[in-house]
Protein chains: 2
Amino acid sequence: MGFTDKKLLSVLKKHGYKLTPQRRAVLKVLSSSQEHLTPADIFEKVQPEYPGIGLVTIYRLLQILTEFGLICEIHANDNSRRYLIRRQPEHHHHLICSSCGTVVDFTDCDLSGLGKRLSRETGFEIETHLLEFVGLCRSCQKEAT
Amino acid sequence: MGFTDKKLLSVLKKHGYKLTPQRRAVLKVLSSSQEHLTPADIFEKVQPEYPGIGLVTIYRLLQILTEFGLICEIHANDNSRRYLIRRQPEHHHHLICSSCGTVVDFTDCDLSGLGKRLSRETGFEIETHLLEFVGLCRSCQKEAT
DNA sequence: CACCTAAATGATAATTATTTTCAATTACAA
DNA sequence: TTGTAATTGAAAATAATTATCATTTAGGTG
């Protein structure tokens with residue numbers, strides 16, 4: 001599981017951000033969703049809780065959450081626009097279905113060896129990495145006949 | 001080194017695409033560039049060779065090249081728009097500077113073990129993966145004081 | 001070489017995602 | 001309760017990409 005909305009709210013508060021009902025509503029949606037949502041998805045899901053919220057407000061909150069590393073983004077899947085996602089505990093990666101776009105998270109990756117080598121060879125000070133596997137999920141394999 | 005423009009042209013021809021001077025010019029730029037270029041970058045670089053080329057034409061060619069896996073894309077680096085790049089021999093990955101955006105390619109990665117495990121656990125039929133390291137390049141480390 | 005046709009081009013407009021601007025509203029500290 | 005700076009949302013501005021379509025052209029054919 002990821003962060004609760006209470007946790008997210010407290011982080012915002014700690015950094016001097018105001019806790020508006022709009023933000024509460026968005027965080028509620030984000031923290032209770034198992035899927036990876038676009039800003040537009042979030043907009044729709046917030047309607048019942050806070051009709052009339054501005055899409056802009058969502059963009060702004062997502063920007064703040066990104067700064068604090070509370071959400072992360074899906075990068076692969078060229079054609080579809082960039083996705084914003086609710087986050088798992090910490091550092092994790094994605095396994096993405098190239099057909100239907102389903103995303104599965106996984107956490108284990110051991111790239112420290114490779115990271116160290118790259119660092120030595122290139123002089124880079126490595127901060128993080130992004131790892132995504134792309135493939136066909138079970139149900140799309142079946143459909144493929 | 002990547003593909004020569006002759007090689008690229010022959011691939012297009014083999015698939016029934018016409019070899020227009022515009023395409024020749026774009027391929028020349030792509031095959032001789034060491035950097036990762038946006039469509040707009042390419043547009044500019046093609047000017048001397050073929051002034052008046054349409055940006056659309058570039059988009060269209062990039063789309064074709066993508067289909068044949070002759071170029072690949074940079075995904076990380078959130079803020080900057082998606083980058084199109086000239087490709088190294090085959091499967092490879094990127095090391096991206098989070099400050100200046102410089103991209104270094106590297107080829108070695110051993111993720112077959114992880115891939116197999118994921119496949120077993122999730123039922124996915126894994127096709128490929130995307131691996132990007134993000135960090136500070138040497139010169140940006142210095143600037144950071 | 002001249003001709004024919006489907007493919008390709010480029011100007012323009014249309015889409016779509018995201019950001020900016022700004023006046024009105026509101027959270028919350030005092 | 002009040003003051004104020006942060007926040008909101010409508011609307012416009014940017015920006016990237018795609019679609020439309022009349023015109024041009026590459027390249028095969030006779």
Side-chain angles (χ1 to χ4, degrees), chain A residues 5-6 8-29 36-44 46-47 49-68 71 73-85 101, chain B residues 5-6 8-29 36-44 46-47 49-68 71 73-85 101:
Chain A
D5 52 346
K6 297 211 171 186
L8 293 168
L9 284 166
S10 83
V11 173
L12 285 191
K13 187 161 199 173
K14 188 180 302 171
H15 288 272
Y17 289 99
K18 292 183 178 173
L19 305 185
T20 66
Q22 290 95 327
R23 285 178 176 170
R24 288 173 194 276
V26 171
L27 292 178
K28 199 167 168 184
V29 165
H36 302 73
L37 308 169
T38 61
D41 288 339
I42 298 169
F43 179 78
E44 296 223 335
V46 170
Q47 290 309 311
E49 180 92 12
Y50 198 102
I53 191 175
L55 191 50
V56 214
T57 301
I58 294 169
Y59 272 101
R60 277 188 286 233
L61 181 54
L62 289 172
Q63 209 166 312
I64 294 168
L65 295 176
T66 301
E67 269 174 40
F68 294 120
I71 54 175
E73 301 170 9
I74 300 268
H75 292 89
N77 220 355
D78 331 289
N79 36 0
S80 70
R81 299 278 164 179
R82 93 175 168 157
Y83 265 24
L84 293 151
I85 59 163
Chain B
D5 52 345
K6 297 211 168 183
L8 293 167
L9 284 166
S10 83
V11 173
L12 286 190
K13 186 161 198 172
K14 188 182 301 171
H15 288 272
Y17 289 99
K18 292 182 178 173
L19 305 186
T20 66
Q22 290 94 328
R23 284 178 177 169
R24 288 173 194 278
V26 171
L27 291 179
K28 199 167 169 185
V29 165
H36 302 74
L37 308 168
T38 60
D41 289 339
I42 297 169
F43 179 78
E44 296 224 334
V46 170
Q47 290 309 310
E49 180 93 13
Y50 199 102
I53 191 174
L55 191 50
V56 216
T57 300
I58 294 169
Y59 273 102
R60 278 187 287 233
L61 181 54
L62 289 172
Q63 207 166 312
I64 294 168
L65 295 176
T66 301
E67 270 175 38
F68 294 120
I71 53 174
E73 301 170 10
I74 300 270
H75 292 88
N77 220 353
D78 329 290
N79 37 0
S80 71
R81 298 279 164 180
R82 94 176 167 159
Y83 265 25
L84 293 151
I85 58 162

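Nearest-nucleotide mapping onto DNA chain D: of L55(B) and Y17(B), the residue sitting toward the 5' end is L55(B). Both R60(B) and P51(A) sit near DNA chain D, but only P51(A) has its closest nucleotide nearer the 5' end.
Atoms CG (L62(A)) and P (dT8(D)) sit 12 Å apart, rounded to a whole Å. Distance CD1 (I42(B)) to P (dA16(D)): 14 Å, rounded to an integer number of Å. I58(B) has its CD1 atom 12 Å from the C1' atom of dT9(C), to the nearest Å. Whole-Å rounding puts the K13(A) NZ to dA29(C) P distance at 6 Å. When the C1' atom of dT8(D) is taken as reference, atom CD of Q63(A) falls 15 Å away, rounded to whole Å. One atom, NE2 of H15(A), and another, P of dA5(D), lie 22 Å apart when rounded to the nearest Å. Taking atom CD1 of I53(B) as the reference point, atom P of dA8(C) lies 14 Å away to the nearest angstrom. Atom CZ of F43(A) and atom P of dT16(C) are 16 Å apart (whole Å).
Note on R23(A): a side-chain N or O is less than 4.0 Å away from OP1 or OP2 of dT8(D). Side-chain N/O atoms of Q22(A) include one lying less than 4.0 angstrom from OP1 or OP2 on dG9(D).
Expressed to the nearest 0.5 Å, how far CD1 of I71(A) lies from NE2 of H36(A) amounts to 11.5 Å.
At a threshold of 4.5 Å between non-hydrogen side-chain atoms, the residues R24(A) and D5(A) do not count as touching.
The aromatic rings of F68(B) and H15(B) are tilted relative to each other, their planes meeting at an angle between 30° and 60°.
No donor-acceptor pair under 3.5 Å is formed between the side chain of R23(B) and the backbone N or O of L61(B).
Checked against dT18(D), dT17(D), dT7(D), the side chain of Y59(B) finds its nearest nucleotide in dT17(D). The T20(A) side chain lies nearest to dT8(D) when the options are dT8(D), dG27(D), dG9(D). Nearest to the side chain of K18(B), among dA10(D), dA27(C), dT25(D), sits dT25(D).
Heavy-atom minimum distance, L62(A) versus P39(A): CD1-CG, 4.0 Å. Nearest approach of L55(A) to F43(A), heavy atoms of both residues: CD1-CB, 3.7 Å.
Residue Q47(B) places its CD atom among more than 12 non-hydrogen atoms of other residues, nucleotides or ligands, all under 6.0 Å distant.
G52(B) comes within 4.0 angstrom of the backbone, heavy atoms only, and of no base.
Comparing the end axes of the helix from dC1(C)-dG30(D) to dA30(C)-dT1(D), each fitted to five base pairs by superposing C1' atoms of four pairs onto the next four, gives an inter-axis angle of 30° (nearest 10 degrees).
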